[in-house]
Amino acid sequence: MKNINSYRKFKRNDKEVNPEGEYILYWMQVNRRFQYNYALEYAVALSNKYEKPLLIYEGLNVDYPWASDRLHTFIMQGMKENLDYARQHNLNYYSYLEPEPKAGNGLFYKLADHAAAIVSDEYPVFIIRTHNEKVADKVDVPYVTIDSNGIIPLGITDKDPYSAYLFRKVMQEHFLEAYTHPPRQNPVDDLEIQENVELPDAFLKKYPPADEKLENIEQTVSELAIDHSVKPADSDGTRQAALGKLGHFVAHNLHQYDDKRNDPDAKASSGLSPWLHFGKISEYEIVKTVLDHQPEGWDLDSITPNNGKNSGFFNGDPNIESFLDEVITWREVGFHYAHHRPDYDQFESLPNWVKKTTSKHEGDEREWIYSLEEFEQSQTHDEIWNAAQTELRETGVMHNYLRMLWGKKIIEWTPDYRTALDYMIELNNKYALDGRDPNSYSGIFWCFGRFDRAWQERPIFGKLRYMTSDSTRKKVKLKQYLDKFGNQKSLL
Ligand SMILES: Cc1cc2nc3c(=O)[nH]c(=O)nc-3n(C[C@H](O)[C@H](O)[C@H](O)COP(=O)(O)OP(=O)(O)OC[C@H]3O[C@@H](n4cnc5c(N)ncnc54)[C@H](O)[C@@H]3O)c2cc1C
């Protein structure tokens, strides 16, 4: 039988390893960390097998969609941390920061020319998906991508799961095997070849390493041709910060997660999504840390497959069950969906019942219609919606429950569904630290019925699930939240 981790490996071409190659190249695109990283682990194994040193390359371009001070600052904080780690561990780590659009063109292929084989990160959306599709044919050596995104390998599913229930069934079937084949905590400890890789002077002249630029991130960011209107968030893009957040969450909020996670005032969720998105922390270590907090007497034998139901699987503490349902099932269903669906970001990908009901209600009269700019600047008639958008715009995050309401109302207040979809993708991906992620598309498309079922028919929404600000006000605790983000008074 195949080891479960073999379903993480995607051979992107049929090229042979180049025996003359100077190194094994690991292109760190998504899993921007040295720990619990299957892709890095695989690159280390190739380095040992072919007796070639490992070169790790991490880059940041300026011209990717939605590049801004907020995203650059967060990513560069993590790159600086990686640089320090690589120096301490004597690793061949080369990081590059593109100073202006197109300046980095050709860099990757120059590195590839001297490689024996290339390993990178499997990722089903955004520019990383495109890179991986484009690059493999253009290099002369094997290009392999490894999925280190979640617990259940992407290669396990054979088609897109259309509901969380369906994916949960798959998850329940494979969880134990996957969880007991974890990534190595420190894969670089296994490196056998310690040789230094010297990159040619001409290359370094054309593509200078980011080292110095990472010393003064604020200054560097201010000089780049990116969107300076989206200000850095008040958070730190390092792995250390992510581990701190995880520690805080298990100590203070895990025990009340099930009860309080929907209350913006309670701040009971982990807040980990930005660090998960940029690969600074692995889902595996979050799951492990949380399972280590199960009550005494609980062990892996307590787990009982439960036909895709969202309780009665992990057993133990219901808060842990509830949290793991979000971090495994709800997080990963979007990865598996996008993996099988290149049209993951298109309206046409929605289920037939959605297309039918939206076409029936396309012409329904809309009482309120706002432009993108009005939405962006929190200028609707609705206090809760405006507060949620202000939180997103000013801080780079939005509370999960309000995110759902936020999306549903954009559907209600735009002239048609496709415009609503465009606005949501634009605002989410521009402002959210965790945007441009498979979960961005899961969340946004969930508002349009993906992974959901048909509900009672009503104007504009048709059979899509409907939400109101009035019921939100009654259902969740919002007072402090509105004091902080309502009317933008504390922020302007
Ligand atoms: C319109 C809309 C847009 C969204 N955009 C994004 C996005 O851009 N990036 C993003 O990561 N998530 C997105 N989500 C999903 C969800 O809102 C966030 O993952 C969650 O709020 C992150 O906060 P947290 O880390 O405190 O979550 P916690 O409650 O602490 O959960 C831990 C982790 O589980 C995962 N998770 C939790 N809830 C969900 C969910 N409903 N769907 C999928 N995964 C979940 C996330 O990885 C999260 O970090 C969106 C949801 C909606 C409705």
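Ligands are counted one by one from 1 in listed order, and the atoms in each one are counted from 1 as well.
- Near ligand 1, residues Y257, S269, S270, G271, L272, S273, L276, F323, E326, V327, W330, R331, N400, R403, M404, N428, D434, G435, N439, S440, G443, I444, C447 each place a heavy atom inside the 4.0 Å sphere around the ligand atoms.
- Closest approach of P351 and R450 over heavy atoms only: CD-CA, 4.5 Å.
- A salt bridge does not link K484 to E391: none of the charged side-chain nitrogens sits closer than 4.0 Å to a carboxylate oxygen.
- Listed by chain and residue number, E457 satisfy the salt bridge (Lys or Arg N to Asp or Glu O under 4.0 Å) test with K360 (two or more places apart in sequence, or in another chain).
- Residues F167 and F451 keep their aromatic ring centres 6.0 Å or farther apart.
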Under the side-chain contact (heavy atoms from CB on, under 4.5 Å) rule, what do D437 and F126 come out as? Steps first, then yes or no, please.
CA-CA 7 Å; D437 188 275; F126 199 49; over 6 Å; no

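- Atom CZ in R261 sits 12.5 Å away from atom CG in L254 (nearest 0.5 Å).
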